*Asks:* 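Have a look at this one.
The residues of the chain are indexed from 1 along the displayed sequence. As the structure is a computational prediction, the values presented were derived from the model and not from experiment.
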Amino acid sequence: MPETFPSCFGDPGRAHLTDKSSSSPGSSMTQNLITCLYQTKLAGICKFVTITWCKNLMGHGLSVHVNDPSCHYMCKVDMKPWSFWKKHGSKSFDVKGKKMDVFWDVSNAKYVCGPEPQEGFFVALICEEEIVLLLGDMQEEAYRKTHARMAFTEPTLLSRREHVFGKRYYTTKAQFGESGRTHDIVIECHTGGSKEPRLYVRVDKQVVLQVKHLMWKFRGNQTIEVDGASIQIFWDVHNWLFNPTNGHAVFMFQTSGDRMSNSARRSDNAAAVPCQPLPPSVLQWPPPSALNIRGHDKTFFKTSSSSSSSSNSSSSVLQWASMETETGSPSGFSLLLYAWKSE
């Protein structure tokens, strides 16, 4: 198979953007990915579970990774257009002697434009007859088909990594606060024509970030507030301005503080549950010391309301976000967007 049709799956945190075949917008369209990282409790032990949705010219795909310090355990499902039966079913795999079951039903799933279904589906991860992770809007159907009970501790979404495509506008949705409200995010960037390049970020149609003089501020960060939560927006549009053949810009929205679910807070022993170190796929910004940054580059990491970098450093948001953090516990929620310009 040609290199322009890579496998949907691999390392969910690094694959598909380091391959030279994915450096142009046209080829990136064949490997649209959304990867979500959840903190769950499996058999009383805190584990991180990665869900990856994939879409390419061959169809849709789904993978479930259970992250363990010693190994990655994966269950993969390929859903080809001509194999209807694979759109619902189950698979089993072992994690250190514990049987894990993955049930899914996307037979009536509705997709908008990305690889992740929006409604009419469910995906359930089961351990010891408990549904430790349940996705989708068909929850009653999931419990009926799996005969499993609800887990006492709800999973926590720690990070989301996705690809967005457009010419001038790039859109997605995200939840930031405890209200559970889903917000519309629109990134608008002017890089062509005679006008000065500018960058806008809107949340629910309200401009929360405006960057002028983008030729000098192609990397930077600014703090905003949504649903009472402080959110740092990081951006890197260097490729769009100076290396357009590389195809993508990178944006990151990161909240601060603990994102533990309400049910976990209610648990008497929630604080005593042992947690493994964060896997490298957790989307968090490393401290400035980890990057060996000098001079004006340090302004990128200011915690004030706004700061931008005018350096032409070769370090990119993609490299920074892929680095493993030095901390051993999750802090906040991270949304990382790879923004590709469509021809």
*Asks:* Can you list the steps and then say if E225 with S230 is a side chain to side chain donor-acceptor pair (under 3.5 Å)?
*Replies:* CA-CA 5 Å; E225 186 172 305; S230 294; 4.7 Å; no

*Asks:* Looking at K145 and D105, is any side-chain nitrogen of the basic one under 4.0 Å from a carboxylate oxygen of the acidic one?
*Replies:* yes

*Asks:* Please work out which of the three classes, parallel, tilted or perpendicular, describes the rings of W340 and H163, given edges at 30° and 60°.
*Replies:* parallel

*Asks:* Apply side chain to side chain donor-acceptor pair (under 3.5 Å) to the pair E162 and T172, showing each step before the final yes or no.
*Replies:* CA-CA 9 Å; E162 64 179 283; T172 189; 2.8 Å; yes

*Asks:* List the atom of C46, the atom of Q39, and the distance in Å for their closest heavy-atom pair.
*Replies:* SG-CG, 3.5 Å

*Asks:* Same cluster for L335 and W53 if Ile/Leu/Val/Met/Phe/Trp/Tyr side chains link at under 4.5 Å?
*Replies:* yes

*Asks:* Does any N or O in the side chain of D236 come within less than 3.5 Å of the main-chain N or O of H238, such that one atom is a donor and the other an acceptor?
*Replies:* yes

*Asks:* Does K87 make a cation-pi contact with W104 (under 6.0 Å, within 45 degrees of the axis)?
*Replies:* no

*Asks:* To the nearest 0.5 Å, what is the distance between CE (M252) and CZ (R161)?
*Replies:* 8.5 Å

*Asks:* Could you pull out the closest heavy-atom pair between K55 and G114, with the gap in Å?
*Replies:* CD-O, 4.1 Å

*Asks:* Please find the pair of heavy atoms, one from V132 and one from T40, that lie closest to each other, and give the distance.
*Replies:* O-CG2, 4.0 Å

*Asks:* Side chain to side chain contact (heavy atoms under 4.5 Å, CB included) for F234 and V250? Distances and angles first, verdict last.
*Replies:* CA-CA 8 Å; F234 299 83; V250 187; over 6 Å; no

*Asks:* Around atom CD of Q210, are there more than 12 heavy atoms from other residues, nucleotides or ligands closer than 6.0 Å?
*Replies:* yes

*Asks:* Taking L134 as the starting point, is it possible to reach M138 by hopping between hydrophobic residues whose side chains are less than 4.5 Å apart?
*Replies:* yes

*Asks:* Between OG1 of T171 and CG of D184, what distance do you get to the nearest 0.5 Å?
*Replies:* 8.0 Å

*Asks:* Quick one: which of K110, K173, R160 gives a salt bridge (charged side-chain N to carboxylate O under 4.0 Å, His left out) with E116?
*Replies:* R160

*Asks:* Would you say that S334 contacts L158 through its side chain, given a criterion of any heavy-atom pair below 4.5 Å between the two side chains?
*Replies:* no

*Asks:* Is any side-chain heavy atom of P115 less than 4.5 Å from a side-chain heavy atom of N56?
*Replies:* no

*Asks:* Does one hydrophobic cluster hold both L209 and I185, with members joined at side-chain heavy-atom distances below 4.5 Å?
*Replies:* yes

*Asks:* Would you say the side chain of K96 lies within less than 4.5 Å of the side chain of Y73, judging by non-hydrogen atoms?
*Replies:* yes

*Asks:* Quick check on E196: does its CD atom have over 12 non-hydrogen neighbours (other residues, nucleotides or ligands) under 6.0 Å away?
*Replies:* yes

*Asks:* With a 4.5 Å cut-off on side-chain heavy atoms, are V106 and Y111 touching?
*Replies:* yes

*Asks:* Going through the checks in order, is the side chain to side chain contact (heavy atoms under 4.5 Å, CB included) test met by E141 and F122?
*Replies:* CA-CA 8 Å; E141 183 74 3; F122 78 81; 4.0 Å; yes

*Asks:* Could you state the interatomic distance from NE2 (H60) to CG (N32), rounded to the nearest 0.5 Å?
*Replies:* 8.5 Å

*Asks:* Would the F218 and F242 ring centres measure less than 6.0 Å apart?
*Replies:* yes

*Asks:* Which value, rounded to the nearest 0.5 Å, describes the distance between I233 atom CD1 and N221 atom CG?
*Replies:* 9.5 Å

*Asks:* To the nearest 0.5 angstrom, please state how far the NE2 atom of H190 sits from the NZ atom of K195.
*Replies:* 7.0 Å

*Asks:* Determine whether L214 and R198 make a side-chain contact, defined as any pair of heavy atoms from C-beta on separated by less than 4.5 Å.
*Replies:* no

*Asks:* Measure across A339 and Y170 and return the closest heavy-atom pair with its distance rounded to 0.1 Å.
*Replies:* CB-CD2, 4.0 Å

*Asks:* Measure the CD-NZ distance between E154 and K41 for me, rounded to the nearest 0.5 Å.
*Replies:* 12.0 Å

*Asks:* Could you tell me whether the side chain of L337 reaches within less than 4.5 Å of the side chain of F253, counting heavy atoms only?
*Replies:* yes

*Asks:* Do R168 and E188 sit within salt-bridge range, that is, some charged N less than 4.0 Å from a carboxylate O?
*Replies:* yes

*Asks:* Mark yes or no for whether D101, through its side chain, and L125, through its backbone, hold a donor-acceptor pair below 3.5 Å.
*Replies:* no

*Asks:* Establish, from distance only, whether the side-chain atoms of H183 and D204 form a donor-acceptor pair under 3.5 Å.
*Replies:* yes

*Asks:* Would you verify whether the NZ or CZ of R202 falls within 45 degrees of the ring axis of Y200 while also being under 6.0 Å from that six-membered ring's centre?
*Replies:* yes

*Asks:* Are I187 and V211 connected in a single hydrophobic cluster, I mean Ile/Leu/Val/Met/Phe/Trp/Tyr linked by side-chain heavy atoms less than 4.5 Å apart?
*Replies:* yes

*Asks:* Do L42 and V66 have side chains that get closer than 4.5 Å, going by heavy atoms?
*Replies:* yes

*Asks:* Is I131 reachable from V102 through a run of I, L, V, M, F, W or Y residues, each pair having side-chain heavy atoms under 4.5 Å apart?
*Replies:* no

*Asks:* Are L62 and F121 close enough, and set up right, to give a side chain to side chain contact (heavy atoms under 4.5 Å, CB included), and what steps lead you there?
*Replies:* CA-CA 12 Å; L62 164 69; F121 77 103; over 6 Å; no

*Asks:* Quick check: does any side chain N or O of D137 sit under 3.5 Å from a backbone N or O of G120, one acting as donor and the other as acceptor?
*Replies:* yes

*Asks:* Over all heavy atoms of both residues, which pair between T255 and F333 is shortest? Give the atoms and the distance, please.
*Replies:* OG1-N, 2.7 Å

*Asks:* In the structure I gave you, are the side-chain heavy atoms of K167 and K341 within less than 4.5 Å of one another anywhere?
*Replies:* no

*Asks:* Quick check: F103 with H88 (ring centres under 6.0 Å apart)?
*Replies:* no

*Asks:* Run the side chain to side chain donor-acceptor pair (under 3.5 Å) check on Y143 and R149 step by step: do they pass?
*Replies:* CA-CA 7 Å; Y143 285 107; R149 63 183 182 274; over 6 Å; no

*Asks:* Show your working on side chain to side chain contact (heavy atoms under 4.5 Å, CB included) between V64 and I51 and close with a plain yes or no.
*Replies:* CA-CA 5 Å; V64 179; I51 305 293; 3.8 Å; yes

*Asks:* For A43 versus C127, what's the shortest heavy-atom pair and its separation?
*Replies:* N-SG, 4.0 Å

